[in-house]
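Reading through the C-alpha cells given below for one structure.
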2 protein chains.
Amino acid sequence: MPENALDAIDRKIIDLLQADGRMSNQELSDRIGLSPSPCLRRVRQLEANGTIARYVALVDPDKVGLSVTAFVRVRLDQQDDRHLQEFETAVAGFPEVMDCYLMTGEADYQLRILVSSLTQFEDFLRRRLTKVNGVANVTTSFALRPVIYKTAVPTLQPL
Amino acid sequence: MPENALDAIDRKIIDLLQADGRMSNQELSDRIGLSPSPCLRRVRQLEANGTIARYVALVDPDKVGLSVTAFVRVRLDQQDDRHLQEFETAVAGFPEVMDCYLMTGEADYQLRILVSSLTQFEDFLRRRLTKVNGVANVTTSFALRPVIYKTAVPTLQPL
DNA sequence: TTTGAAACCTGCCGATA
DNA sequence: TATCGGCAGGTTTCAAA
C-alpha cells in the first residue's frame, strides 16, 4: 500500500520539475540520465499517486498590485467540529486568503492574507472575517517584506 | 514605465496558467477566444516583465514524508541592517525554511518550517536556528492541519 | 491569420538485468 | 518480473510569410 517510496531517480525528477514545471520530457530525461520513455512513465506515476499534485504558474504579487501581506490569527469562541467546519468553509470563500492552518497554542487558525492596500485589508477584516460566525478574537501582524518564498519541498536526511 | 497594466485578456491568461501551468498554448488560446499567435505573444510578454515569475510542479509534502509544519517567530537582539542581512543569509541556507517574512510587531521574522518529524524540528531549532548570530528569542506554533494552500493570487475589485 | 518545419509527446515492442 | 531503450505516429510550438 505505501508503494510510493521514492528512489534516487524519482527524487531527481521531483527536484527538477519543482524548479521548472514546464521542462520537456526530453530535457528532463537528459538531465537525469535516462531515456525519454521510462522517464515519462515515472512522471506519470508520480502524478497518478499524487506525489506531484499539480503544475502551476507563479505570479509575482507586486506586479499585479498586491503588495500587502498580513498574517491573521483567529480565535473561535467554541472549538467543536461544527464550528471549525463552519469557519473553514467561510474562509475558503475569501479570495484574499492565501493559506490557512489549524494551529496549536493561543490561536485556533492562522491565515496569510494578500491584498493591495491597507484599506482593502481593513475592509476584509471588518466586513468579512469578523462577520464569520464564531470568530471571537483576531490578531494581525503585517509583513514588512518577503524574504523567502519557496514552493519546492526540502530533501532532508533522516536523523 | 508602469507598462504592466493587465487588461482582461492578460488577467484570463494568468488565471488559467495559475490553475494549470502546463496548459498548451493551443488550449490556452482556445479558452480565451484568441488565436494562438497573439496569445503566445502575451504569455511571453508576461514572462519577460516578470508578472509570470516561473512555472513549477507542486509536490504534496505528506507524500514525501514531510508532515510537520511549524511557524517560528524570531526576535533578534539588534535590528540594524547588518544584523538583518546576516540573519537572512543564514536562513536562506536552511532547506527546512519554506518562507520567511520580515514583520511588524513583537517578532522581527516569521518563518514557515517544513520537516518530517518533531525530532527533526528540534534538531533544526537547537542545532541550527538558535545558533545563528543575533537570534535573541524564538517562539514556535505548530500547524495541526493545513486548511488552505494557494499559489494563485486573488483578483480583487478596487475599493 | 495561415503555414510548414522542427521539436516534442507517448504508446508499443523487444531487450535486459 | 519489472524496468529500460528505440522506434513511429500524431500533436504542438513558433517564427516567417
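Keep in mind the model is a prediction, meaning the values are calculated, not measured. Labels below follow one simple rule: chain letters A, B, ... track the order of the sequence lines, proteins then strands, and each chain is numbered from 1.
Here the P atom of nucleotide D:dT11 and the CD atom of A:Q26 are 19 Å apart, to the nearest Å.
On the nucleic acid side, DNA chain C has its first and last nucleotide under 4.0 Å of a heavy atom of chain B at C:dT1 to C:dT2, going 5' to 3'.
Within 4.0 Å (heavy atoms only), B:N25 reaches sugar-phosphate atoms of the nucleic acid but no base atom.
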Using a cutoff of under 3.5 Å, can you pull out all pairs of nitrogen or oxygen atoms linking the protein to nucleotides 4-10 of chain D, with atom names and distances?
unit_1, atom_1, unit_2, atom_2, d
D:dC4, OP1, A:R42, NE, 3.4
D:dC4, OP1, A:R42, NH2, 3.1
D:dG5, OP2, A:S35, N, 2.8
D:dG5, OP2, A:S35, OG, 2.7
D:dG5, O5', A:S35, OG, 3.2
D:dG6, O6, A:S37, OG, 2.3

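With sequence neighbours left out, A:E88 forms a side chain to side chain donor-acceptor pair (under 3.5 Å) with A:Y109, B:R145. With sequence neighbours excluded, the residues that form a side chain to side chain donor-acceptor pair (under 3.5 Å) with B:R31 are B:E27.
In terms of heavy-atom proximity, B:I32 sits nearest to B:C39 at CD1-SG, 3.7 Å. A:L76 approaches A:D108 most closely through the heavy-atom pair N-OD2, 2.8 Å. The minimum heavy-atom distance between A:K131 and A:R127, with the atom names listed, is CG-O, 3.3 Å.
Less than 4.0 Å separates DNA chain D from at least one heavy atom of each of the following residues of residues 13-24 of chain B: B:S24.
Rounding to the nearest 0.5 Å gives a distance of 10.0 Å between CD of A:Q18 and CG of A:L16.
When atom types are taken as modelled, the side chain of A:N25 and the backbone of A:P36 share a donor-acceptor pair closer than 3.5 angstrom. In this structure a side-chain-to-backbone donor-acceptor pair under 3.5 Å is present from B:K63 to A:N49.
You'll find the side chain of A:V56 stays beyond 4.5 Å of the side chain of B:K150, heavy atoms only.
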Which side-chain N or O atoms in residues 94-107 of chain B pair as donor and acceptor under 3.5 Å with protein atoms at least two apart or in another chain?
unit_1, atom_1, unit_2, atom_2, d
B:E96, OE1, B:R128, NH2, 3.0
B:E96, OE2, B:R128, NH2, 3.3
B:D99, OD1, B:R112, NE, 3.3
B:D99, OD2, B:R112, NE, 3.4
B:D99, OD2, B:R112, NH2, 2.8
B:T104, OG1, A:F142, N, 3.1
B:T104, OG1, A:F142, O, 3.3

